[in-house]
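Computed from a predicted structure; not experimentally measured.
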Amino acid sequence: MKKFACLLVLLSLLTACAAQEQEPALEPEPNPPAGEWKLLDENYMPIYEDPCDTIEFPDYDGMSREDFEAKALEQGYNSDIGPFAAWATSGIYSPSGRYLAYHSNKDCLNASSKDGFSVFLFDTETGEDRVLLSGSDGSYYIIYGWLDNETVLCQEANQEYGYMVCGVDGSIAKLDGVSEILHQNGDYIFENKGQNLKLLQIESDGGITEIAQTQVDGEQVMSCGISPDGKFVCFTVRPNWDSPDREIVLWNTVDGTKQMLTPPEMTQGENAAAISVKWQYNGFVIDFNIADTSDENGHNELWHYQNYNFNVICALEF
């Protein structure tokens, strides 16, 4: 009797599986509702505060900041017309806050060229200050941003293909095949190659993985933001050279779809141009400049765009 009961159970399971296989595919769910705009600042004036201004850096090679500035002046550096002498400027903290990568040319005063610009690394825990990339040979290095707590993305600006990944351990890995990085967030980079756009992921050893690519209609991509998980990219594009207008595009890198975002209604003025885009507050913040206002210098407003999909991603991953 027990064997018979087991046989019935097995038969019912097989029948259910067969029925399940024969069921028609479900219709795809409708697209989630469009995102919402929220005004963050109706009189937005972007202010950059350099973290280098809050740090007292140690002497470099026995030279204090005062010694550096005096020596630079003697050698023809000029703070008004250039070439410029920089003890420490344009710093970017690592995600953990331990390291500060910054620009300087305090190691370039004895070089034959005044064009050199270096990348330094300051360890806030130990107080160690050292060169990551030296411009003493005339090279001009700039910082893009941190990939993680141990690696920072840099570029040799006077080279056409000069991107590299620098480790806090002093390692340097060049990126091959990357031509023009428009934006970087964590280990994701957005490459703009004409009308062909690519989202790439960088490894600490310089390896590159293509996540997605798409074509864009328009003359020039102006600004870009990337979500931390790489699933969304928001960018502005100038449709044609004859018009200053910009379009805002939201690209879903998972399914490849692109959505044109209708700008929000400005608090004043009408002809708003999207100037910059970046990821913030679980969504994209977009800086709009409005020219047709009473303010002769123009008027900027900062708006936050949040989409239903962004919430789903965060709910799943966190």
Side-chain angles (χ1 to χ4, degrees), residues 34-48 142 144-145 153 155 157 160-161 163 178-185 188-200 210-227 230-253 255-281 283-293 295-307 309-310:
E36 296 181 353
W37 291 97
K38 179 181 179 181
L39 178 64
L40 295 183
D41 191 343
E42 64 179 283
N43 292 290
Y44 178 63
M45 292 293 291
I47 299 175
Y48 170 70
I142 60 174
Y144 262 80
L153 178 64
Q155 182 194 14
E160 188 175 0
Y161 303 105
Y163 296 101
V178 178
S179 59
E180 184 179 352
I181 297 175
L182 183 64
H183 186 70
Q184 172 257 336
N185 185 11
Y188 290 103
I189 59 173
F190 182 75
E191 183 186 32
N192 179 20
K193 218 172 187 178
Q195 293 180 311
N196 186 33
L197 311 178
K198 291 183 180 180
L199 181 68
L200 308 172
E210 182 178 309
I211 304 301
Q213 67 171 295
T214 189
Q215 296 288 323
V216 63
D217 295 327
E219 295 293 339
Q220 183 182 17
V221 175
M222 308 291 289
S223 179
C224 166
I226 307 172
S227 65
K231 294 182 179 179
F232 290 92
V233 175
C234 187
F235 59 89
T236 62
V237 61
R238 189 171 180 174
N240 59 74
W241 289 111
D242 298 329
S243 171
D245 294 341
R246 295 175 176 88
E247 295 175 346
I248 310 167
V249 181
L250 181 65
W251 175 27
N252 184 326
T253 63
D255 61 22
T257 58
K258 293 195 293 289
Q259 174 188 355
M260 198 80 68
L261 302 186
T262 301
E265 185 176 346
M266 299 292 111
T267 62
Q268 59 177 294
E270 297 178 355
N271 299 320
I275 301 300
S276 67
V277 183
K278 63 182 178 179
W279 176 271
Q280 193 175 339
Y281 309 128
F284 293 98
V285 291
I286 302 177
D287 174 15
F288 291 92
N289 177 263
I290 307 98
D292 54 350
T293 65
D295 185 352
E296 61 181 8
N297 296 320
H299 174 74
N300 281 51
E301 296 184 6
L302 190 68
W303 287 79
H304 176 232
Y305 180 82
Q306 186 170 3
N307 187 283
N309 283 330
F310 302 156

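One finds the CE atom of Met266 at 10.5 Å from the CG atom of Asn300 (value rounded to the nearest 0.5 Å). Taken from NZ in Lys231 to OH in Tyr188, the straight-line distance is 8.5 Å, to the nearest 0.5 Å. To the nearest 0.5 angstrom, Ser276 atom OG is 11.0 Å from Met222 atom CE. The structure places SG of Cys224 at 13.5 Å from NZ of Lys278, a figure rounded to the nearest 0.5 Å. To the nearest 0.5 Å, atoms CG (Leu261) and OG1 (Thr236) are separated by 11.0 Å.
Pro263 has its side chain within reach of Phe288: a pair of non-hydrogen atoms, C-beta onward, lies under 4.5 Å apart. Side-chain atoms of Asn307 and Leu250, non-hydrogen and from C-beta on, do get closer than 4.5 Å to each other.
Screening Tyr305, Phe232, Trp279 for a ring pair (Phe, Tyr, Trp, His ring centres under 6.0 Å) involving Phe284 leaves a single residue, Trp279.
The salt bridge (charged side-chain N to carboxylate O under 4.0 Å, His left out) analysis of residues 189-198, with sequence neighbours excluded, yields the pairs Lys198-Glu210.
Judged purely by distance below 3.5 Å, without hydrogens or angles, the side chains of Asn196 and Gln215 pair a donor atom with an acceptor atom.
The number of heavy atoms from other shown groups lying within 6.0 Å of CD (Glu265) does not exceed 12. Counting non-hydrogen atoms of neighbouring residues, nucleotides and ligands closer than 6.0 angstrom, the CD atom of Gln213 exceeds 12 such neighbours.
Residues satisfying the side-chain contact (heavy atoms from CB on, under 4.5 Å) criterion with Asp41, sequence neighbours excluded, are Asn43, Tyr44, Leu302. The side-chain contact (heavy atoms from CB on, under 4.5 Å) test applied to Asn271 returns Asp292, not counting sequence neighbours. With sequence neighbours excluded, the residues that form a side-chain hydrogen bond (donor to acceptor under 3.5 Å, both in side chains) with Lys258 are Thr214. Partners of Met260 according to the side-chain contact (heavy atoms from CB on, under 4.5 Å) rule, which considers only residues two or more places apart in sequence or in another chain, are Glu247, Val249. By the side-chain contact (heavy atoms from CB on, under 4.5 Å) test, Asn192 pairs with Leu182, Leu197, Val221, sequence neighbours left out.
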Inset, instruction - Please lay out, stage by stage, how Ile290 and Glu301 fare under the test side-chain contact (heavy atoms from CB on, under 4.5 Å). - result: CA-CA 8 Å; Ile290 307 98; Glu301 296 184 6; 3.9 Å; yes
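Residues Val285 and His304 come closest through the heavy atom pair CG1-CD2, 3.9 Å.
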